[in-house]
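One structure is given here, and the rest of the page talks about it.
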Amino acid sequence: MGLTKQYLRYVASAVFGLIGSQKGNIVFVTLRGEKGRYVAVPACEHVFIWDLRKGEKILILQGLKHEVTCLCPSPDGLHLAVGYEDGSIRIFSLLSGEGNITFNGHKAAITSLKYDQLGGRLASGSKDTDVIIWDVINENGLYRLKGHKDAITQAVFLRERNLLVTSGKDTMVKWWDLDNQHCFKTMVGHRTEVWGLVLVSEEKRLITGAADSELRAWDIAYLQEIDDPEEPESKKIKECPGVQHTPETGDGTLEADEVSEDRILSCRKAGSIMREGRDRVVNLAVDKTGRILACHGTDSVLEVFCVLSKAEIQKKMDKKLKKARKKAKLNSASGEEDPETSVSMTLQDEIHRVVNIKTSSKIKSFDLIHSPQGELKAVFLLQNNLVELYSLNTSLPTPQPVRTSRITIGGHRSDVRTLSFSSDNIAVLSAAADSIKIWNRSTLQCIRTMPCEYALCSFFVPGDRQVVIGTKTGNLQIYDLASGNLLETVAAHDGALWSMSLSPDQRGFVTGGADKAVKFWDFELVTDKNSTQKRLSVRQTRTLQLDEDVLCVSYSPNQKLLAVSLLDCTVKIFYVDTLKFFLSLYGHKLPVICMDISHDGALIATGSADRNVKIWGLDFGDCHRSLFAHDDSVMYLRFVPKSHLFFTAGKDRKIKQWDADKFEHIQTLEGHHQEIWCLAVSPSGDYVVSASHDKSLRLWERTREPLILEEEREMEREAEYEESVAKEDQPAVPGETQGDNYFTGKKTIETVKAAERIMEAIELYREETAKMKEHRAICRAAGKEVPLPVNPILMAHGNISPSAYVLETFKGVKSSELEEALLVLPFSYVPDILKLFNEFIQTGTDIELLCRCLFFLLRIHFGQITSNQMLVPVIEKLKETTISKVRQVQDVIGFNMAGLNYLKRECEAKSEVMFFAEATSHLEEKRRKRKNRKKMILTLT
């Protein structure tokens, strides 16, 4: 057997340069008992927790593969629900940072997450038009709500009633009765997509935001309150003579005779609040107190409104009526008739505009927190990779928003277009349209930020004390890293400066630009007029004029040849000393965007917009191999130092490693969620850093783990199979139709593996049972006890019985995957499972889990079980044992609940006594102070 070439595996090390990604929403989280200080933001597949006061990242909630699309903190502040692009939901603990609960039920990206008041249930909406209610405590899905025809935009639980209201891009707002899981009301009063909704005024008013400049308000009247002779709670404002309620009519208004046809509640349009923005509502939210309402469009303005309380509305109307009567009295004094004075109460009297908050860039999402003292904090995730915090005092007559915090250092405002490593592998340079940042590779901290023009290429000057940047305007900019100052700007090209290459002797470099010229530069030290110290500068030595725009330039390691990529899809090789033409490499169908020459000067690899990579020999210019590298344009190509391995990055979001000798694909590095613009390989070859349109920088590290190509291909095939399993249809269940809402999960590779584990456990149980029967027969025939060999699997689990091993297998299946695992289980295993369940329930262990599995199996296999005569006695026994054991569990729970209620009453009684004792002592203290004050006054007089 011949020796195989070994490669070392590169793995993802870290994500940095990203403050918050655009697909998800920002939320306040409670950490270490503090509110309003920490925020959670989506960061590609992770979630970052930022400290707004210090501007530091304090916690990372690690994701798996897919991008985060939605965040929702739990009411108790201990957990954070995270929705992903593939439809999965994970619940993270903010104390430990671990995600122990995973829900899989949606087929598309999560668009909405909302907890109920107690935090026991979670409603999720998705682009697949379904809403699923999840039981967070039991870690399973309760039911699926179908009815919307387009993506869900918002879902909100009602606090006092078991109802849910949802909105969607299908222009509908639907009300759901969660007791019987059906939609009892659909509001059709919108002509465009409904992008958000909130409940205010003690859940008696619904505010919706659509694709126009109106916020529509709907009065909600609950039928049990309509039947009462009293007014609805929202209208119990003290009636003044002359105050009239004049609700506006509009789309969706219900007539009086239609109210009786409604169930549970009725909705009537109360009016509209006009926004200043003319575009659609992007986000509409209300703070936890329900007093502050805010919304924004696709611009950089957040409009803040205040929902007045009943007392404030009453005070406002009294003032309005007083003013109207005063005006009427003046009119009557001037001889005019004195009609009966009356004022009407409009929606603008109940919800008034507070202020507009203008941010530094377009708003992607925001969150509010309102303190009892009247201070409102609004945190924004902006489009340009920025987080800003504003505060204002809403109790003032004219509140002014003040920006109190800003997180900017952790990333660029625009896409990074060039990356470079320092010669010692420690510093990483990244440059974008407005700034250059220097990062410490080991700590991933930004150690220097310098403003610049639109950067396209860069490198560290030998010595790592200065950097040179090539810009879109054709300038060369030289920066000093110690001071962070711009030393010099040199006008190098008339068009964009696309590429630079440092000469191997490190005395100069070459540049290529859109002005069809290649220019050679030397470093030199010059003295400024105002200073005696010398500084670095550059001097142009030669120019090579060409017929086409230059896209890329590269020196050969011996500095004898220069490769130049042109817009005519060719690469031309020139002698450096004489600038004479040597070779022309043609074969690409589209221009060559990137290229690199190996360390020994034998090979040149070129990457093109035609998605191909070609490997050429530099001796004769022959094409050794053409590789179909990426599914989109190849954007960057770099050889690993001292090897013939090279990396390519493409617009297909992948980084691939290749062997230029064997022309083989070694491995694919996946992680970026948008197009990759550039990458850099460290001089040691141990690190690779890449930059993408998703604003993130990713560091990849070479490990000591050997990579075998056959195993790598096998792992890729397994990954493809797992993806295909997830896309398969759900198993058909007799008697269940497609519209039924019973099944909330979906088939995944985890549920398939869980079903396989159950089947293996049942097979082992059958084998061991048959062995035991044979063993007994042998013992009877031999007339003595013969030792039975123990199964190694059972021995590894503590030498348990086969039936106990089956129970342990069921307990090992995640609660959220249990139903789906049982759903794909073949019926041939069900009879054995039912017999085992009968034994387990009789012993009284894990009654809840066993009953849940039992009832689910009876439901999906009802027809086959009832038609099987062999299972009739088993079902009869299960009926008896299950009912008796469940009653025992109910009795225990009832006893515990009664004991807890008794303890609760005792605690409340003690706290009331303490409260009254404190109030009495406080009163006595006041009296004593008053007496002392009187004595002091008497002595002074």
Side-chain angles (χ1 to χ4, degrees), residues 14-22 41 43-44 48 55 57 360-362 364 381-388 406-422 427-441 444-460 466-481 484-486 489 492-493 495-500 511 513-514 552 593-594 633 635-636 638 649 651 653 655 671-680 688-699:
V15 178
F16 64 105
L18 180 65
I19 295 171
S21 51
Q22 309 297 310
V41 295
C44 293
F48 290 166
K57 191 192 307 173
S360 60
S361 183
K362 288 183 179 179
K364 275 297 176 183
L381 176 60
L382 303 182
Q383 194 180 29
N384 60 348
N385 196 26
L386 197 64
V387 169
E388 289 184 345
R406 201 173 188 219
I407 300 174
T408 61
I409 295 177
H412 289 275
R413 306 285 76 79
S414 56
D415 293 358
V416 172
R417 302 310 295 255
T418 176
L419 291 164
S420 294
F421 265 102
S422 62
V428 178
L429 178 147
S430 64
D434 55 352
S435 64
I436 305 165
K437 287 184 181 289
I438 308 296
W439 307 84
N440 185 318
R441 179 195 49 76
L444 302 178
Q445 296 297 315
C446 178
I447 53 179
R448 183 75 71 217
T449 300
M450 299 166 282
C452 71
E453 297 176 15
Y454 199 120
L456 294 176
C457 49
S458 63
F459 65 85
F460 278 87
Q466 297 90 12
V467 293
V468 178
I469 304 295
T471 70
K472 198 173 184 178
T473 55
N475 294 332
L476 284 171
Q477 292 187 311
I478 306 170
Y479 289 85
D480 180 57
L481 294 184
N485 295 331
L486 174 65
T489 300
H493 292 268
L497 200 162
W498 289 114
S499 179
M500 296 190 297
T511 61
C552 190
I593 300 173
C594 52
S633 300
M635 298 303 297
Y636 225 79
R638 276 290 174 270
K651 279 189 176 180
R653 313 173 186 182
I655 299 170
H672 283 293
H673 300 282
Q674 297 289 338
E675 301 94 329
I676 300 172
W677 297 128
C678 56
L679 63 82
V688 177
V689 66
S690 57
S692 167
H693 184 49
D694 60 14
K695 301 280 197 303
S696 70
L697 302 176
R698 288 178 186 264
L699 183 68

Going by heavy atoms in the side chains, are [X] and [Y] under 4.5 Å from each other?
{"X": "Lys651", "Y": "Met635", "answer": "yes"}
{"X": "Leu476", "Y": "Leu497", "answer": "yes"}
{"X": "Arg448", "Y": "Ile436", "answer": "no"}
{"X": "Arg406", "Y": "Ser360", "answer": "yes"}
{"X": "Tyr454", "Y": "Thr473", "answer": "no"}
{"X": "Met450", "Y": "Leu481", "answer": "yes"}

[X] and [Y]: which non-hydrogen atoms are nearest, and at how many Å?
{"X": "Ser430", "Y": "Trp439", "result": "OG-NE1, 2.8 Å"}
{"X": "Ile676", "Y": "Ala649", "result": "CG2-CB, 3.6 Å"}
{"X": "Ile438", "Y": "Ala427", "result": "CG2-CB, 4.2 Å"}

Measure the [atom1]-[atom2] distance between [X] and [Y] for me, rounded to the nearest 0.5 Å.
{"X": "His672", "Y": "Leu679", "atom1": "NE2", "atom2": "CG", "answer": "8.5 Å"}
{"X": "Cys44", "Y": "Leu18", "atom1": "SG", "atom2": "CG", "answer": "5.0 Å"}
{"X": "Glu453", "Y": "Asp434", "atom1": "CD", "atom2": "CG", "answer": "12.0 Å"}
{"X": "Asn475", "Y": "Cys452", "atom1": "CG", "atom2": "SG", "answer": "11.5 Å"}
{"X": "Thr471", "Y": "Leu456", "atom1": "OG1", "atom2": "CG", "answer": "7.0 Å"}
{"X": "His412", "Y": "Ile19", "atom1": "NE2", "atom2": "CD1", "answer": "10.5 Å"}

Counting N and O atoms only, with roles assigned by atom type, does the side chain of [X] sit under 3.5 Å from a partner on the main chain of [Y], one being a donor and the other an acceptor?
{"X": "Arg698", "Y": "Gly671", "result": "yes"}
{"X": "Ser414", "Y": "Ala433", "result": "yes"}
{"X": "Gln383", "Y": "Gln22", "result": "no"}

Restricting to side chain to side chain contact (heavy atoms under 4.5 Å, CB included), what partner residues turn up for [X], sequence neighbours left out?
{"X": "Cys552", "value": "Ser499, Ser565, Met595"}
{"X": "Ser458", "value": "Thr418, Ser420, Leu429, Ile469"}
{"X": "Leu486", "value": "Gln477, Tyr479, Thr489"}
{"X": "Ala691", "value": "Val416, Leu419, Cys678, Leu697"}

Item checked: Ile409, CD1: over 12 other non-hydrogen atoms inside 6.0 angstrom ->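 No, the 6.0 Å shell around CD1 holds no more than 12 heavy atoms from other groups.
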
Check: Any chance CH2 of Trp677 has more than 12 other-residue heavy atoms, nucleotides or ligands included, within less than 6.0 Å?
Finding: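 Atom CH2 in Trp677 is packed in, count exceeds 12.
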
Note to self: For His673 and Ser692, which I'm curious about, is there any donor-acceptor pair between the side chains at under 3.5 Å?
What the structure shows: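 No donor-acceptor contact under 3.5 Å links the two side chains.
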
Listed partners of [X] passing side-chain hydrogen bond (donor to acceptor under 3.5 Å, both in side chains), at least two apart:
{"X": "Asn385", "result": "none"}
{"X": "Asn384", "result": "none"}
{"X": "Thr511", "result": "His493, Trp521"}
{"X": "Thr449", "result": "Lys437"}

Item checked: Which residues share a ring-ring contact (aromatic ring centres under 6.0 Å, His included) with Phe459, sequence neighbours left out -> Phe509

Mind checking salt bridge (Lys or Arg N to Asp or Glu O under 4.0 Å) for [X] and listing every partner two or more places apart, or none if nothing turns up?
{"X": "Asp415", "value": "Lys695"}
{"X": "Lys364", "value": "none"}
{"X": "Glu675", "value": "none"}

